[in-house]
Amino acid sequence: MVVRSYNEELKYLEKINSHCWRIKKGFQPNMNVEGLFYVNDTLEKLMLEELRNSCRPGMTGGFLPGVKQIANVASLPGIVGHSIGLPDVHSGYGFAIGNMAAFDMSDPKSIVSPGGVGFDINCGVRLLRTNLSEKDVLPIKEQLAQSLFDHIPVGVGSKGIIPMNARDLEEALEMGMDWSLREGYVWAEDKEHCEEYGRMLNADPSKVSLRAKKRGLPQLGTLGAGNHYAEIQVVDEIFDKYAASKMGLERTGQVVVMIHSGSRGFGHQVATDALVEMEKAMKRDKIEVNDRQLACARINSVEGQNYLKAMAAAANFAWVNRSSMTFLTRQAFAKQFKMAPDDLDMHVIYDVSHNIAKIEEHVVDGKVKTLLVHRKGSTRAFPPHHPLIPVDYQLTGQPVLIGGSMGTCSYVLTGTQQGMTETFGTTCHGAGRALSRSKSRRNIDYKDVLNKLESMGISIRVASPKLVMEEAPESYKNVTDVVDTCHAAGISKKTVKLRPIAVIKG
Amino acid sequence: MDEELGDLTESDFILPPIKYEYLDHTADVQLHAWGDSLKEAFEQCGMAMFAYMTEMAYVQIREVHTIEANADDMIGLLYHFLDELLFLFSAEPFLICKKLVITEFNTEEFRIVCKCYGEEFKIGTHPQGTEVKAITYSAMQIIDEPKDHKFEVFVIIDI
């Protein structure tokens with residue numbers, strides 16, 4: 001790592017406009033392209049403060065700030081366009097969280113990196129609508145929250161309740177949501193409203209270690225811990241009436257359910273295994289990177305191909321996982337309201353992945369190119385008329401689901417043409433942490449958080465008490481700042497604002 | 001992985017002092033462990049990880065399992081050691097460890113054999129702490145300076 005003073009570092013950063021900064025070559029060694037990051041005034045301060053804190057030569061136990069990581073990613077072989085930081089960017093593993101980078105598939109030197117996907121492969125958000133109004137839910141809100149908490153296994157050490165054996169798992173890994181459909185856990189139309197129709201076709205369970213399968217089996221159909229959650233929310237504000245009505249969101253006060261979860265221990269192990277394999281491949285192919293965490297392999301190498309096939313299996317696992325919880329959510333609602341989920345109109349509005357690598361076609365310097373797009377802590381946001389988005393959203397653009405932090409709001413955005421050109425159809429994914437977990441625990445009081453949530457009318461069920469502080473809204477960037485930046489920068493468009501009334505967390 | 005159920009002696013129940021802490025990291029948590037030897041720092045680092053998953057006061061020593069880790073260098077060894085421990089928790093036997101004793105610490109062939117004392121993690125018995133997704137090489141440091149009697153490790157775990 002280059003150690004320079006903070007003021008010298010700033011010379012490599014240039015503010016292009018009110019919402020976008022450029023990272024010039026030289027900020028980190030060997031940059032092939034420049035970096036870009038999107039921030040508003042508030043987020044800018046957080047971003048630069050993280051950089052300032054790291055400019056202390058000789059300190060031990062430190063970590064790389066997000067802006068440095070974006071620049072390191074820009075040095076990877078085969079990268080095209082820019083290494084992009086979205087407004088919720090913060091320091092992550094190798095890649096920043098809130099980072100997008102695309103690699104030219106036709107360049108034999110291009111790489112795939114598990115760090116560019118993240119440990120929680122195909123972590124994502126799903127939104128279910130209902131035809132209920134807030135006033136229908138309020139009288140039984142506590143019971144409903146408890147019922148959801150009882151139905152969905154949450155937190156560290158929890159085990160799935162959907163019956164599964166090793167053979168079922170193999171099939172689920174290969175088939176993704178087609179498995180869930182065959183087993184009767186989802187509706188046929190649910191698939192239509194998922195990226196890739198809930199199934200990556202190149203998944204190959206034989207490329208997944210036994211270790212990953214052993215970790216995955218007991219955890220299928222569990223929510224997880226940390227920032228994962230299931231929330232009952234209501235429509236708070238509609239910005240784009242037409243797009244919202246295409247999603248079946250007609251009025252403020254309408255009740256929806258948001259599920260944020262990923263591929264659990266299965267995906268974590270696939271990522272871990274791939275990192276170990278790729279370290280060896282890097283030595284063999286003499287790939288030099290700025291940071292050991294940026295372990296990668298050429299896309300066309302055995303390791304690269306194996307990873308993409310295993311990653312696809314993990315992506316399928318995540319879709320089955322979210323589908324299993326969709327099933328449990330529908331059951332919980334059906335029991336409380338004594339109505340069938342069908343009659344409650346509990347359709348999937350959309351399901352996004354915010355930790356994934358995908359092969360996509362984009363225009364680079366006026367030419368159509370096939371790229372491997374890594375989105376880590378960032379969400380695909382395709383514009384209207386894109387062939388890969390469902391027919392229902394052809395005119396509105398792809399719905400993008402942005403989960404807020406506990407007790408704050410969430411958003412539904414839609415993709416734009418400008419985003420397609422500037423960021424290869426990518427936008428933010430959530431709030432992004434501002435305070436470290438230990439700082440949150442020291443500075444925030446458990447009771448204060450609960451009282452505050454209660455005064456806001458939010459019911460809460462959390463498996464781990466210390467998570468209450470770690471996940472308190474104060475620990476995160478303001479999701480509204482993040483979303484407003486994306487909207488102002490034009491890389492996605494605000495459609496609906498959602499407000500939570502009940503939170504279920506690990 | 002051998003199991004020695006019911007084969008615990010009294011000395012197995014003596015708990016080591018705590019020589020670890022959790023440091024600030026924006027999204028994840030950084031484990032900082034130390035000891036009178038590098039071996040002890042490794043053991044402490046493993047225990048720090050388990051202590052993040054639950055409250056140790058609720059964990060009892062009821063069984064012991066043995067894990068083995070191999071690598072090509074010291075950094076890799078620390079990584080694989082913690083990864084083996086995480087696997088012990090994440091799949092059968094779902095072991096939450098209160099105490100770790102490294103019985104073989106080979107810094108030439110980079111090999112660790114470790115006895116892991118604890119019990120099966122059960123919701124209801126053990127408070128749910130934070131889930132550890134993975135071990136990372138991120139800013140991993142091993143400080144091994146025998147002449148200053150300085151043995152420390154830093155590991156960021158993904159949560």
Side-chain angles (χ1 to χ4, degrees), chain A residues 50 60-66 90-94 97 115 118-120 153-159 211 213-219 224-228 264-265 267-269 271-272 275-276 279-280 291-293 295 432-439 441 462-467 470 506, chain B residues 21-32 50 52-55 71-73 75-76 79-80 82-84 86-92 94-96 120-143 150 152-159:
Chain A
E50 197 184 44
T60 51
F63 60 91
L64 276 182
H90 59 85
S91 181
Y93 182 82
I97 295 166
F119 283 101
D120 198 351
V154 303
V156 61
S158 61
K159 291 175 191 163
R211 207 175 164 85
K213 289 172 187 167
K214 278 187 176 168
R215 274 185 75 175
L217 187 57
Q219 291 187 346
N227 59 358
H228 295 149
R264 316 287 297 108
H268 311 159
Q269 193 64 44
T272 301
L275 287 169
V276 174
E279 290 235 315
K280 292 176 198 151
D291 180 357
R292 184 172 184 169
Q293 290 173 61
R433 287 199 77 85
L435 285 189
S436 69
R437 290 181 184 273
S438 36
K439 203 175 264 173
R441 280 207 304 277
V462 183
S464 160
K466 69 178 173 184
L467 255 185
E470 291 185 5
Chain B
E21 62 178 349
Y22 304 107
L23 298 177
D24 277 355
H25 184 277
T26 319
D28 298 319
V29 65
Q30 188 167 36
L31 309 176
H32 174 211
F50 283 108
Y52 211 72
M53 298 174 181
T54 188
E55 284 167 47
D72 300 325
D73 55 22
I75 290 273
Y79 180 91
H80 286 287
L82 294 173
D83 190 47
E84 287 295 335
L86 180 59
F87 186 62
L88 202 57
F89 173 80
S90 307
E92 288 280 346
F94 303 104
L95 195 74
I96 181 92
E120 184 182 342
F121 185 86
K122 285 206 179 86
I123 291 174
T125 309
H126 304 116
Q128 288 172 281
T130 307
E131 186 172 65
V132 176
K133 288 181 185 169
I135 316 304
T136 78
Y137 279 116
S138 173
M140 189 184 271
Q141 283 184 44
I142 297 176
I143 299 170
K150 218 173 146 190
E152 293 178 45
V153 297
F154 293 88
V155 182
I156 292 175
I157 49 176
D158 191 341
I159 54 177

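By convention in this document, chain letters (A, B, ...) are assigned in the order of the sequence lines, proteins followed by strands, and residues within each chain are numbered from 1. Small disclaimer: the values here were computed from a predicted structure and weren't measured.
Looking at A:His228, its side chain never comes within 3.5 Å of a backbone N or O of A:Gly224 through a donor-acceptor pair.
You'll find the side chain of B:Ile143 stays beyond 4.5 Å of the side chain of B:Val153, heavy atoms only.
Interface remark: B:Val155 contributes no atoms to any contact with chain A (heavy atom separation under 4.5 Å). In this structure, chain A has a heavy atom under 4.5 Å from the side chain of B:His80, while its backbone stays farther away. Of the two parts of A:Val462, neither the backbone nor the side chain holds a non-hydrogen atom closer than 4.5 Å to a non-hydrogen atom of chain B.
Here B:Ala134 is the residue among B:Pro127, B:Ala134, B:Ala71, B:Gly76 with the most heavy-atom pairs under 4.5 Å with chain A. Options A:Gly66, A:Gly155, A:Gly226 differ in how many heavy-atom pairs under 4.5 Å they form with chain B, and the most are formed by A:Gly155. Heavy-atom pairs under 4.5 Å with chain A peak, among B:Leu86, B:Asp72, B:Ile96, at B:Leu86. Contact tally against chain B (heavy-atom pairs below 4.5 Å) for A:Arg211, A:Glu470, A:Gln269: the top residue is A:Arg211. The most heavy-atom pairs under 4.5 Å with chain A, out of B:Phe89, B:Tyr22, B:Tyr79, come from B:Tyr79.
When only modelled atom types and interatomic distance are considered, B:Glu152 and B:His32 share a side-chain donor-acceptor pair under 3.5 Å.
In this structure, A:Arg215 is not positioned above the aromatic face of B:Phe87 in the sense of NZ or CZ being under 6.0 Å from the six-membered ring centre and within 45° of the axis.
With sequence neighbours excluded, the residues satisfying side chain to side chain contact (heavy atoms under 4.5 Å, CB included) with B:Ile75 are A:Arg292, B:Asp73, B:Tyr137, B:Met140, B:Ile142. In this structure B:Glu120 satisfies the salt bridge (Lys or Arg N to Asp or Glu O under 4.0 Å) test together with A:Lys159, sequence neighbours excluded.
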